[in-house]
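Have a look at the structure below, then the notes.
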Amino acid sequence: MKHSVGIGEYRVVRPPAVLVSLGLGSCVGVALYDPERKIGGLAHVMLPSSNGTEKITNPGKYADQAIKLMLEEMIKRGASKSRIVAKIAGGATMFKNSKNSIGERNVESVREILKKEGIKIVGEDTGKNYGRSVEFDTETGLLHVRSFKYGETVL
Amino acid sequence: MVGQVMLNELEKDMLREVGSIGASHATNSLAELTNTKVDIEVPALEIKPVEELLASEGGEDLVAGVYVELQGDICGVIMLLLDIASVVELVTQITGMPSASEELSDMEVSVLQEVGNIMASHFSNALADFLGLKIMPAPPALAVDMGVAILDFIMLEQAQKANEVILFKTKFMFQQKQITGKIFLMPDPESLDRIIALLREKVGMGA
């Protein structure tokens with residue numbers, strides 16, 4: 001069963017569910033997984049941080065909020081933080097001549113937040129200049145990354 | 001006003017008018033370039049959270065996007081979006097040579113960038129004339145990829161500044177040819193305020 005995780009959303013599930021996020025450009029897909037309990041979550045984050053935001057209407061779009069909330073929900077469902085690992089994809093810069101660096105900043109922020117939380121990144125396909133779609137299989141913990149440029153890679 | 005775009009109906013009408021002037025100049029330039037009639041739909045003004053706009057305007061299909069940054073008195077982005085079938089038709093129409101494959105050649109890339117450049121310049125010139133401002137389009141850049149990935153690039157920077165963003169959207173289509181495309185204008189929140197203030201002056205409402 002495939003569940004779509006839209007822009008600015010996050011979702012926590014158990015197998016046999018597969019979580020899908022389509023068309024990550026500057027956005028970053030953050031997959032968290034407890035391999036022993038097979039509890040997995042995927043967030044489709046848009047922005048590096050909610051710092052300085054007066055009114056947070058949709059916490060899922062910020063890297064800091066989405067990761068925090070997803071971890072809480074996974075732990076509530078029985079995952080252990082010490083076992084949770086992360087795989088991340090996206091954060092591209094789609095146009096070469098731009099000063100816009102939101103993709104890079106998204107990836108940096110996700111790495112920093114995971115480090116602070118003590119969660120190891122065990123797979124990463126980020127940056128460059130192309131869009132990616134991801135499928136996170138909570139049975140295997142594998143993150144399938146598809147792009148027009150390179151086809152499919154598995155993290 | 002950051003966070004939410006609050007506009008009354010009159011302001012929205014005025015903005016649609018501005019968008020319409022820009023879009024018709026842009027498509028006229030395309031019509032001249034290709035020597036074909038190009039129709040446009042009535043321009044739409046969308047004011048929504050970025051995640052909603054991306055969900056409705058994006059998609060996973062392969063599209064070409066020409067991105068032009070606006071600088072000067074008004075900052076923002078103009079983007080031309082074409083599906084791949086339209087890209088192939090358009091390049092053939094302009095160069096007289098049929099495209100060999102979906103993989104674009106260097107020549108085809110420059111043709112597309114030039115099309116985007118011409119359309120964006122006409123769009124921003126019309127805007128600048130109407131508002132009495134100086135707007136300078138930066139050199140164009142091209143990406144061929146999933147629609148939503150291309151659009152999130154232009155929208156996320158805005159999403160940092162405001163919960164809701166404003167998008168001027170115009171669809172155009174060639175008569176008798178299978179070419180359809182969209183042209184987007186997205187002003188920065190501060191520039192939008194400036195445009196609205198100028199429009200108010202124009203209709204004698206003061207700022």
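Order of the sequence lines sets the chain letters (A, B, ...), proteins ahead of strands, with each chain counted from 1. Heavy atoms only: backbone and side chains are in, while hydrogens, waters and symmetry mates are out.
- Counting heavy-atom neighbours within 6.0 Å of A:E72 CD, excluding the residue itself, gives a total above 12.
- Contact count versus chain B (heavy atoms, under 4.5 Å) is highest, among A:G25, A:G6, A:A92, for A:G25.
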Would you please test A:I7 and B:V148 for side chain to side chain contact (heavy atoms under 4.5 Å, CB included) and show each step? CA-CA 10 Å; A:I7 301 146; B:V148 61; 3.9 Å; yes

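- Using a 4.5 Å heavy-atom threshold, the side chains of B:Q160 and A:P48 count as touching.
- Within the 4.5 angstrom heavy-atom criterion, no atom of A:S49 approaches chain B.
- Heavy-atom contacts from other residues, nucleotides or ligands closer than 6.0 Å to NZ of B:K171 number 12 or fewer.
- Within the 4.5 Å cutoff, the side chain of B:M146 has no heavy atoms near those of the A:R146 side chain.
- Using a 4.5 Å cut-off between heavy atoms, B:L151 does not touch chain A at all.
- In B:E114, the CD atom is crowded: over 12 heavy atoms of neighbouring residues, nucleotides or ligands sit closer than 6.0 Å.
- B:L62 and A:F148 get closest at one heavy-atom pair: CD1-CD1, 3.4 Å.
- More than 12 heavy atoms of other residues, nucleotides or ligands lie within 6.0 Å of CZ in B:R16, so this atom counts as buried by the packing criterion.
- Here side chain to side chain donor-acceptor pair (under 3.5 Å) pairs that include residues 56-68 of chain A, with residues two or more places apart or in two chains, are A:S50-A:D64, A:S50-A:Q65, A:N58-B:E51, A:K61-B:N163.
- Among residues 102-134 of chain A, the residues having any heavy atom closer than 4.5 Å to a heavy atom of chain B are, in sequence order, A:I102, A:R105, A:N106, A:N129, A:Y130, A:G131, A:R132, A:S133.
- Residues passing the side-chain contact (heavy atoms from CB on, under 4.5 Å) test with A:L142, sequence neighbours excluded: A:K87, A:T140, A:H144, A:V154.
- In this structure, the side chains of A:F95 and B:I150 come closer than 4.5 Å at one or more pairs of heavy atoms.
- In this structure, the side chains of B:D152 and A:M46 stay at 4.5 Å or more apart for every pair of heavy atoms.
- Counting heavy-atom pairs closer than 4.5 Å to chain B, the top residue among A:S26, A:G90, A:G8 is A:S26.
- Contacts of A:L22 with chain B are made by both backbone and side-chain atoms, with heavy-atom separations under 4.5 Å.
- Annotation: side chain to side chain donor-acceptor pair (under 3.5 Å) contacts involving residues 1-25 of chain A, sequence neighbours excluded, comprise A:K2-A:E135, A:H3-A:R11, A:S21-A:H44.
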